[in-house]
Protein chains: 4
Amino acid sequence: MAPTTQQPDAPGAGAAPARGKGRPRSAAADLAILDATRAALAELGWGGLTMGDVAVRAGVAKTTLYRRWPSKNELVVDAIAILFDQLECADLGSLQADIEAVVAQFADLLSRPETQAALLALFAEGTRDRQLQQRIRERIVEPQKVLVQLGRANAQARGEMGPDEDPATACEEIDIIFDTIAGTVEHRLLVSGEPITPEWIRRFTTLLLNAFPGLN
Amino acid sequence: MAPTTQQPDAPGAGAAPARGKGRPRSAAADLAILDATRAALAELGWGGLTMGDVAVRAGVAKTTLYRRWPSKNELVVDAIAILFDQLECADLGSLQADIEAVVAQFADLLSRPETQAALLALFAEGTRDRQLQQRIRERIVEPQKVLVQLGRANAQARGEMGPDEDPATACEEIDIIFDTIAGTVEHRLLVSGEPITPEWIRRFTTLLLNAFPGLN
Amino acid sequence: MAPTTQQPDAPGAGAAPARGKGRPRSAAADLAILDATRAALAELGWGGLTMGDVAVRAGVAKTTLYRRWPSKNELVVDAIAILFDQLECADLGSLQADIEAVVAQFADLLSRPETQAALLALFAEGTRDRQLQQRIRERIVEPQKVLVQLGRANAQARGEMGPDEDPATACEEIDIIFDTIAGTVEHRLLVSGEPITPEWIRRFTTLLLNAFPGLN
Amino acid sequence: MAPTTQQPDAPGAGAAPARGKGRPRSAAADLAILDATRAALAELGWGGLTMGDVAVRAGVAKTTLYRRWPSKNELVVDAIAILFDQLECADLGSLQADIEAVVAQFADLLSRPETQAALLALFAEGTRDRQLQQRIRERIVEPQKVLVQLGRANAQARGEMGPDEDPATACEEIDIIFDTIAGTVEHRLLVSGEPITPEWIRRFTTLLLNAFPGLN
DNA sequence: AGGTAACCGAGACGGTACGTCCGGTCTTGGG
DNA sequence: CCCAAGACCGGACGTACCGTCTCGGTTACCT
């Protein structure tokens, strides 16, 4: 048996780069591959996405792909996760404005063809593959949830909300808010297939604030 | 130009029973195929679903399958749609109870392995294939939305809500309520991967009723 | 269940038409089918020949084909055999002339695209299917061999040959002559792919007559 | 002869220097495939020969097969051609003996089930596909014709025949002799279905020598 | 400077599923 | 009993990708 079962691993994930002996991996290849993945995703959709095609687009051998990502799913998670890392929660002075900004950002992200093609497909795969679901949560879902936590903290700092009384209850509340925002936006955009306009965002945000009586 | 391109067409969908020429299609085969599809879906998931395997399970030739459904997507839509046709909206005497019942039904449906495996994958394909999206909406989404409309009508009959003032506004309101319920439940169950308990349903329903100030 | 396993049978083969109860078979269909078979053979070759296509060309249902011929092979044998039934052995006054005429006729037959496409393919199938080989011999090979026998009889009548001494020896001699003529013409035309000209026929006939010293 | 690494791919600019890039094709696979082809041919006949079956017998993927041979026809030509490459023309001291030896060799070859199954079927396909016919001639027919030329040269060396007077005439004579030998043996064995015994060979050879008066 | 270990491209490899086609059978309604 | 139409089962087709495996060659570190 091979003594070193060389696990393929995504580049940015590990902490120590394990400065080895041989030729180091091309850093440019990572970017090229992820870009190519998003491009192929936008152009062909999840079903049309092919490892061979990504390799060709990236000017890279298929071997290089598999050396870094164990399968299509993981590759796409990383390719899409980059987009979700760009989400930000600006403090605009009021909870209403902050929520609207977050929803707008999220809606923008879900309007990109590569995101549309990939997101639901990844979620679907995740229902079967627990490890993938974990990875999706870490790289894609968590960054969104952080926005909710940040917004909540900002609101508390501004005095719009009282401080958390019970951490467990607070965590549950964050979960339900998050599922509601993310789920509703995704459903309207990707399932119902209708656009998300500023008017819709305002309406939805108002409903959301109404739902929590503690907030005026 | 021929208006009916329908070479492969699902049974029951078309209005005209077509020409009475030739040997008629086996009605039993339809049921066997759809059952086999759901079974394979529950067992192997979307990615593991194979037309050949479905055919074998149904005791049917692959050609028979393709004669009726042009592709995996359409087949799965029909196989899953049957489940959504079973949704009902009982009048339990209060809006809160009615909503809770609907959410519970929907959560039950999404807890079935075949639904989990298929639903998000179908939605994902739908973002690329407009015709498929239309079909999904007709066969899967619409039956759910009808429940919201029914619940609303029941509430109005009971006097919990005032009558619709503007039909367009009412329609928009139904849309937003529907996207919120469906999206939130789906997101919690399939993306966040957390269970939907009666407590959660009660909390969520309460928030929902809070959100609409017209309802006490 | 049906007590009589109704064997499909070629139309012209049986003696008694078995004047039955129901609707009699369409006589026109037989001709149309055989014509269509030859046409398809000439156009598409053996490999491209399809029962469904023949049925369409003949304006007939596939069922009708199978009611009369048990399979593609038998159908083609009959379709081609018709052509071989047209071979004749005219008495032209000399053995040389008679042989040349027969060879020319045979070469003409083998130059037709439908014959080319079918003959070798049938022979090939015949090497595996003893029953088919028998049928081929009866319907296709025998009519050719009869010409050799006739030519021999004519030559004897004209005094160019002495009478048969031993029937067994005569039969062997006919066999070897026949295999030589048929085999050589087929090989030149279908394998070597070169044309058969009057010059070639004269040369070949001369060699043939040389080969048998009893003939001056 | 090696299968010439004939890519079924588009030839592109032509005369590509065949870059030594990538993993080289397995040489063992070629032999295994050709052996498997002959075995399947002998067992199942031309009609029963299946690319998938050959692949399984050879322990090879179907893709490997198609990567090397564009179709069943070409594969079988190569598989059978190997057998014809083994034909030899020994100088046994007299033309009669040499011819008898050649005929016997040829009859032996045609008695092998794989040859029987393949040869006529290939010839039949060759009548439709000019490229295939060319390939058959190069790989199968030509090796046989060489024997005739060699035998003739040997006879001239021994003084049994005078030297060629006109090259064109000589060539024509070789052609007619060859078509006669090959065609007659094939027809007796494969069409008439009768065995080729030493007695038959002696008779046939005698007739052949009679036919050419220049030979005593 | 030379090893050597890990990288890289290219592409062949064993598999699996695809969607199509055809052979031969059967089941309709109608003649 | 025949016919046309067409659905049915089974099975081979040739293609497309998957993920793995050799190849020859290329860096970069470590003696």
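Each chain gets a letter, A, B and so on, in the order the sequences are listed, and its residues count up from 1. For clarity, every value in this text was computed on a predicted model and none was experimentally measured.
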Within a radius of less than 6.0 Å around CD of D:Gln131, do more than 12 heavy atoms belonging to other residues, nucleotides or ligands occur? no
What's the CZ-C1' distance between D:Arg68 and E:dG11, to the nearest Å? 12 Å
Rounded distance (Å) that lies between atom P of F:dG19 and atom CG of A:Leu75: 11 Å
Start at the 5' end of DNA chain F and walk down; is the nucleotide closest to C:Gly59 or to A:Gly48 reached first? C:Gly59
Toward the 5' end of DNA chain F, which comes first, C:Ala61 or A:Asp53, by nearest nucleotide? C:Ala61
With side chains defined as the heavy atoms from C-beta onward, is the minimum distance between C:Leu119 and D:Thr127 less than 4.5 Å? no
Can you see which heavy atom on B:Ala121 is nearest to which on B:Ala117, and at what distance? CB-O, 3.8 Å
Base-contact (B) and sugar-phosphate-only (S) positions in nucleotides 24-31 of chain E, heavy-atom cut-off under 4.0 Å, - elsewhere: BBBBB-BB
Looking at F:dC2, I'd like to know if its phosphate oxygens (OP1 or OP2) sit under 4.0 Å from a side-chain N or O belonging to C:Arg67. no
Using OP1 and OP2 only, check whether a side-chain N or O of C:Thr64 sits under 4.0 Å from F:dA4. yes
Report the distance from atom CH2 of A:Trp69 to atom C1' of F:dC18, rounded to the nearest whole Å. 18 Å
With a 4.5 Å limit on heavy-atom distance, are the side chains of A:Trp46 and A:Leu122 in contact? yes
Over how many whole Å does the gap from A:Ile33 atom CD1 to E:dC8 atom C1' extend? 11 Å
Side chains of B:Arg57 and B:Asp53: does their closest heavy-atom pair fall under 4.5 Å? yes
Rounding to a whole Å, what distance do you find between D:Glu74:CD and F:dG14:C1'? 14 Å
For DNA chain E, whose closest nucleotide is more 5', that of A:Ser26 or that of C:Thr50? A:Ser26
Judged by nearest nucleotide, the residue sitting upstream toward the 5' end of DNA chain E, B:Leu49 or C:Leu49, is B:Leu49
Side-chain touch D:Asp30/D:Trp69, heavy atoms, less than 4.5 angstrom: yes
Quick one: are B:Lys72 and B:Thr37 in side-chain contact, heavy atoms under 4.5 Å? no
Taking any heavy-atom pair under 4.0 Å as a contact, classify D:Leu65: base, sugar-phosphate, or nothing. nothing
